[in-house]
Amino acid sequence: MSNTNSKKTILTGDRSTGKLHIGHLLGSLQNRVRLQEEYNQFILIANVQALSDNFDNPQKVKNSIVELLKDYYAVGIDFEKSHIVIQSEVPQIHEMFVYFSNFVSVQQVAQNPTVKQEMKTKEGFEKSTPLGFFFYPIHQVADILSVRADLVPVGKDQLPMIEETRDIAQKFDATYNSNIFNLPEALLGVERNVPGIDGNEKMGKSLNNAIYLSDSEEELRKKVFSVYTDPTRVRATDIGHIEGNVAFTYHDLFNSNLDEVQDLKDRYTKGQVGDVEVKEKLFQAMNEYLTPIREKRNEAESKVDQLLNLTMEGTKVAKNRASETLDMMKEVMMIKF
């Protein structure tokens with residue numbers, strides 16, 4: 001690992017609940033690759049938080065760590081420049097979580113829009129929510145503040161978490177007349193979430209509507225040809241609508257041939273092109289975009305042990321920094337002996 005002490009710090013990461021998809025790619029992963037030269041970057045694999053709603057399936061959480069490492073390698077994250085961190089190996093984070101929980105109320109957490117939405121989508125959680133899951137946003141605050149991050153690359157749906165982090169950091173320093181924490185800024189990858197292939201405004205692992213970085217060419221084609229388009233359009237000669245049409249949203253995101261995209265839009269709105277042509281050209285554009293990532297991910301299969309070793313090195317760096325932060329916190333709270 002290179003000496004990055006003079007650089008500002010980034011903290012971002014993923015829960016180890018499965019492989020990553022194109023929403024993650026545009027929402028955060030590309031920013032991580034772009035910024036790893038300029039910043040001291042920590043990428044946290046949140047396996048402790050993943051257990052909050054997968055506590056009865058620990059094998060899934062463990063297996064997902066390796067899948068994440070392969071996805072990181074595939075998109076161009078350099079394990080020598082970015083510190084990949086396994087959350088469970090940094091116990092300081094969990095102690096900080098206990099202290100930060102004093103600065104937020106149960107009522108505040110209940111109003112967190114991300115928590116409210118997740119409780120609706122997870123079976124049985126609206127009636128009986130595991131406490132570990134309910135408080136995971138405060139655990140995320142501890143993740144960010146443990147390394148005293150300056151910047152957090154996130155998707156739009158995670159903006160409330162950044163505001164929560166800034167609020168708790170300010171309250172802590174104000175309460176103890178200290179100056180320990182930075183106020184991290186959010187960095188958005190795209191202005192809105194990448195929609196799912198089913199038309200849902202969010203692409204998600206649990207929604208079964210995602211295109212994964214690990215998908216084969218055949219899987220990609222199958223998913224592209226099932227993408228939600230215009231439900232009011234019965235025949236290719238019918239006037240079509242672009243707004244809310246996922247096929248054209250993906251064209252805008254992945255098709256670099258702007259003239260082709262505009263031509264398809266013009267003909268679609270005039271009833272001069274069918275969904276088959278629109279999706280075939282979308283598949284070709286997306287496959288060209290994703291093929292280099294797919295090839296690097298296949299390459300990562302033979303590098304898993306090396307990637308795990310580098311991850312443990314990154315985890316040690318995070319642990320040392322978190323120890324410094326925790327010592328400063330306990331000093332001002334008068335519980336350091």
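These numbers come from the heavy atoms of this one structure, side chains and all, not from hydrogens, waters or symmetry mates.
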Q.
side-chain contact (heavy atoms from CB on, under 4.5 Å) for Val273 and Tyr268? Distances and angles first, verdict last.
A. CA-CA 5 Å; Val273 65; Tyr268 198 81; 3.9 Å; yes
Main-chain N/O of [Y] paired with [X] side-chain donor or acceptor, under 3.5 Å:
X	Y	result
Ser28	His24	no
His139	Gly132	no
Asp266	Asp263	no
Glu89	Met312	no
Ser178	Ala174	no
Asn182	Arg148	yes
Arg166	Pro184	yes
Arg15	Gln49	yes
Asn287	Phe283	no
Glu313	Phe79	no

Are more than 12 heavy atoms, taken from residues, nucleotides or ligands other than [X], located less than 6.0 Å from that residue's [atom1] atom?
X	atom1	result
Glu301	CD	yes
Lys296	NZ	yes
Lys319	NZ	no
Glu201	CD	no
Asp56	CG	yes
Asn309	CG	yes

Looking only at heavy atoms, which two atoms of [X] and [Y] are closest? And how far apart?
X	Y	value
Thr17	Ser64	C-OG, 3.4 Å
Asp143	Leu11	O-CG, 3.7 Å
Thr9	Val147	CG2-O, 3.8 Å
Leu183	Ala169	CD2-CB, 4.0 Å
Glu164	Val141	CG-CG2, 4.1 Å
Tyr72	Leu44	OH-O, 4.4 Å

(Q) With a 6.0 Å cut-off on the ring centroids, do Phe100 and Phe103 count as close? (A) no
Q.
Restricting to ring-ring contact (aromatic ring centres under 6.0 Å, His included), what partner residues turn up for Phe134, sequence neighbours left out?
A. none
Rounded distance [0.5 Å steps], [atom1] in [X] versus [atom2] in [Y]:
X	Y	atom1	atom2	value
Asp230	Ile239	CG	CD1	10.5 Å
Tyr73	Lys303	OH	NZ	4.0 Å
Leu264	Lys279	CG	NZ	13.5 Å
His241	Thr232	NE2	OG1	5.0 Å
Met203	Tyr212	CE	OH	9.0 Å
Ile162	Leu151	CD1	CG	8.5 Å

(Q) If you define the side chain from C-beta out and look only at heavy atoms, does anything of Leu25 sit under 4.5 Å from Leu20? (A) no
Q: Compare all side-chain heavy atoms of Arg34 with those of Leu187 and state whether any distance is below 4.5 angstrom.
A: yes
We want to know whether [X] and [Y] form a side-chain donor-acceptor pair, criterion being a heavy-atom distance below 3.5 angstrom.
X	Y	answer
Tyr99	Glu95	yes
Ser88	Asn47	yes
Gln284	Glu280	yes

Is the shortest side-chain N to carboxylate O distance from [X] to [Y] below 4.0 Å?
X	Y	result
Lys281	Glu277	yes
Asp71	Lys19	no
Lys7	Glu37	no
Lys70	Glu299	no
Asp14	Lys205	no

Q: Determine the interplanar angle of the Phe42 and His83 rings, folded into 0 to 90°, and report it as parallel if under 30°, tilted if 30 to 60°, perpendicular if over 60°.
A: tilted
Q. Can you say whether the rings of Tyr289 and Phe254 are parallel (under 30°), tilted (30 to 60°) or perpendicular (over 60°)?
A. perpendicular
Q. Val48, Leu145: one ILVMFWY side-chain cluster at the under-4.5 Å cut-off?
A. no
Q: Would you sort out whether Asp252 and Lys265 count as a side-chain contact (heavy atoms from CB on, under 4.5 Å), showing the intermediate values?
A: CA-CA 11 Å; Asp252 287 336; Lys265 288 180 178 179; 2.9 Å; yes
Q. Given the rule in the side chain to side chain donor-acceptor pair (under 3.5 Å) test, do Asn63 and Glu67 qualify, once you have shown the distances and angles that lead to the verdict?
A. CA-CA 7 Å; Asn63 292 346; Glu67 298 301 326; over 6 Å; no
(Q) Under the criterion side-chain contact (heavy atoms from CB on, under 4.5 Å), I'd like the reasoning laid out for Asn40 against Val317: C-alpha separation, chi angles, the key distance, then a yes or no. (A) CA-CA 11 Å; Asn40 183 23; Val317 176; 5.6 Å; no
Q: Could you walk me through whether Leu69 and Ile45 pass side-chain contact (heavy atoms from CB on, under 4.5 Å), step by step?
A: CA-CA 9 Å; Leu69 296 183; Ile45 297 177; 3.7 Å; yes
Q.
Walk me through whether Glu38 and Lys81 qualify under salt bridge (Lys or Arg N to Asp or Glu O under 4.0 Å).
A. CA-CA 10 Å; Glu38 182 184 350; Lys81 295 175 180 176; over 6 Å; no
